[in-house]
Peer 1: 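Have a look at this one before I ask anything.
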Amino acid sequence: MSPAPEDHGDGRSIGQLIAAATAEMSALVHDEIALAKAELREDAKRAGLGSLALVVALAAAVFAVPMFSMASAYALHRTGLPLDASFGIVFGFFVLVTIVLGLLAYGRFKKVKKPERSISSAKETAAVLQKAKPHPRPLEPTGVKALEAADAKTADARM
């Protein structure tokens, strides 16, 4: 005697096979999510440590600039310049660097343009959506009568 149409040799029906496949897919998805979470946790730890190192490096740089300024001024003073002139030269150097970097930044910011393509695409989409009108289903008299008849049957069944 041949096996039943739903029997596939291992004693499981099609419904059981589908249930098993669904359970395995669900487990696979949960495992993928757990893997993604673990990877994100690792990346977050790395990013946190990198951010901490960057903050410490920036703090060290902030403290180093005045020390460099003073050392430069005293080095210039050793060449025979008066101390006030040495500090003035170092100050002027930093002002010059600030002006050059400020002008460079201004030039770069001036080249930044608004996202023309995104704006035009959004305007086109808005125009299309404004022209689109909802198409409600017209209630035909027969449809209304059918609804009234169904309501009447429901009311009769309740009594």
Side-chain angles (χ1 to χ4, degrees), residues 8 10 12-144 146-148 150-151:
H8 295 284
D10 62 353
R12 296 191 293 178
S13 67
I14 291 177
Q16 291 171 333
L17 290 172
I18 290 174
T22 303
E24 289 177 16
M25 286 296 289
S26 176
L28 178 65
V29 168
H30 285 288
D31 290 345
E32 290 291 331
I33 291 171
L35 176 63
K37 284 181 180 179
E39 287 178 347
L40 287 174
R41 239 181 264 121
E42 273 186 43
D43 287 343
K45 285 180 186 176
R46 286 187 195 124
L49 289 174
S51 297
L52 178 65
L54 183 63
V55 166
V56 170
L58 288 174
V62 164
F63 290 121
V65 168
M67 296 304 289
F68 172 74
S69 300
M70 299 220 7
S72 300
Y74 280 113
L76 285 174
H77 177 64
R78 267 198 240 138
T79 62
L81 288 172
L83 192 57
D84 57 345
S86 299
F87 275 99
I89 291 171
V90 171
F91 172 75
F93 172 75
F94 279 114
V95 168
L96 181 67
V97 167
T98 303
I99 290 171
V100 168
L101 290 176
L103 289 174
L104 180 69
Y106 179 74
R108 295 290 177 170
F109 281 127
K110 206 166 171 134
K111 290 181 182 178
V112 174
K113 296 179 182 172
K114 56 186 176 183
E116 302 279 339
R117 291 183 294 184
S118 298
I119 292 171
S120 66
S121 174
K123 285 181 180 177
E124 288 174 11
T125 302
V128 168
L129 291 176
Q130 284 177 351
K131 292 178 185 175
K133 295 179 183 173
H135 299 288
R137 284 187 281 171
L139 287 176
E140 300 172 4
T142 56
V144 172
L147 287 174
E148 289 173 353
D151 287 340

Peer 1: Quick one: does Ser121's side chain have a donor or acceptor within less than 3.5 Å of a partner on Arg117's backbone?
Peer 2: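 Checking the backbone N and O of Arg117 against the side chain of Ser121, no donor-acceptor pair under 3.5 Å is found.
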Peer 1: Taking the side chain as C-beta and beyond, is there a heavy-atom pair between Ile99 and Val95 under 4.5 Å?
Peer 2: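 Yes. Closest side-chain heavy atoms under 4.5 Å.
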Peer 1: If you take all heavy atoms of Ser86 and Leu81, which pair is closest and at what distance?
Peer 2: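 Where Ser86 meets Leu81 most closely, the heavy atoms are OG-CB, 3.7 Å.
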Peer 1: Give me the atom names and distance for the closest heavy-atom approach of Ala20 to Arg12.
Peer 2: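 Heavy atoms of Ala20 and Arg12 come nearest at CB-NH1, 3.8 Å.
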Peer 1: Does a sphere of radius 6.0 Å around CZ in Phe94 hold more than 12 heavy atoms from other residues, nucleotides or ligands, not counting ones at 6.0 Å or beyond?
Peer 2: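 More than 12 heavy atoms, drawn from other residues, nucleotides or ligands, come within 6.0 Å of this atom.
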Peer 1: Enter the distance from Leu54:CG to Leu49:CG here, rounded to the nearest 0.5 Å.
Peer 2: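 Leu54 atom CG to Leu49 atom CG measures 12.5 Å (nearest 0.5 Å).
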Peer 1: Determine, using ring centers only, whether Tyr74 and Phe87 are less than 6.0 Å apart.
Peer 2: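 So the answer is yes for these two rings.
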Peer 1: Residues in side chain to side chain contact (heavy atoms under 4.5 Å, CB included) with Pro66, at least two apart?
Peer 2: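 Side chain to side chain contact (heavy atoms under 4.5 Å, CB included) list for Pro66, sorted by chain: empty.
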Peer 1: Can you confirm whether Leu58 sits close enough to Val62 that some side-chain heavy atom of one is under 4.5 Å from a side-chain heavy atom of the other?
Peer 2: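 In short, these two side chains do not touch, never coming nearer than 4.5 Å.
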Peer 1: Can you list the residues that meet the salt bridge (Lys or Arg N to Asp or Glu O under 4.0 Å) rule with Arg46, with sequence neighbours excluded?
Peer 2: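 With neighbours one apart ignored, the set is Glu42, Asp43.
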Peer 1: Run the ring pair (Phe, Tyr, Trp, His ring centres under 6.0 Å) test against Phe93 and tell me which residues pass, sequence neighbours left out.
Peer 2: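 Testing Phe93 for ring pair (Phe, Tyr, Trp, His ring centres under 6.0 Å), a comparison that skips the adjacent residues, returns none.
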Peer 1: Which residues pass the side-chain hydrogen bond (donor to acceptor under 3.5 Å, both in side chains) test with Glu24, sequence neighbours left out?
Peer 2: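 Partners of Glu24 by the side-chain hydrogen bond (donor to acceptor under 3.5 Å, both in side chains) criterion come out as none, since no residue qualifies.
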Peer 1: Under the side chain to side chain donor-acceptor pair (under 3.5 Å) definition, can you give me all pairs with a residue in residues 59-70, not counting sequence neighbours?
Peer 2: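 Listed once each, the pairs would be none.
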Peer 1: Roughly how far, to the nearest 0.5 Å, is CD1 of Ile89 from CG of Leu96?
Peer 2: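 Atom-to-atom, Leu96:CG and Ile89:CD1 are 13.0 Å apart.
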Peer 1: Going from CZ on Arg78 to CG on Leu83, what distance comes out if it is rounded to the nearest 0.5 angstrom?
Peer 2: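 Spacing of CZ (Arg78) from CG (Leu83) equals 12.0 Å.
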Peer 1: Calculate, to the nearest 0.5 Å, the distance between atoms CE and CD belonging to Met25 and Glu32 respectively.
Peer 2: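 These two atoms lie 10.0 Å from each other.
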Peer 1: Can you tell me which residue pairs pass the side chain to side chain donor-acceptor pair (under 3.5 Å) test with a partner in residues 88-111, sequence neighbours excluded?
Peer 2: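 Passing the test, one end in residues 88-111: Tyr106-Lys110.
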Peer 1: Working to the nearest 0.5 angstrom, can you tell me the gap between Ser13 OG and Ile18 CD1?
Peer 2: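 If I round to the nearest 0.5 Å, the distance is 8.5 Å.
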Peer 1: Do Lys123 and Ser120 come close enough that some side-chain heavy atom pair is under 4.5 Å?
Peer 2: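 Not touching, per the 4.5 Å side-chain cut-off.
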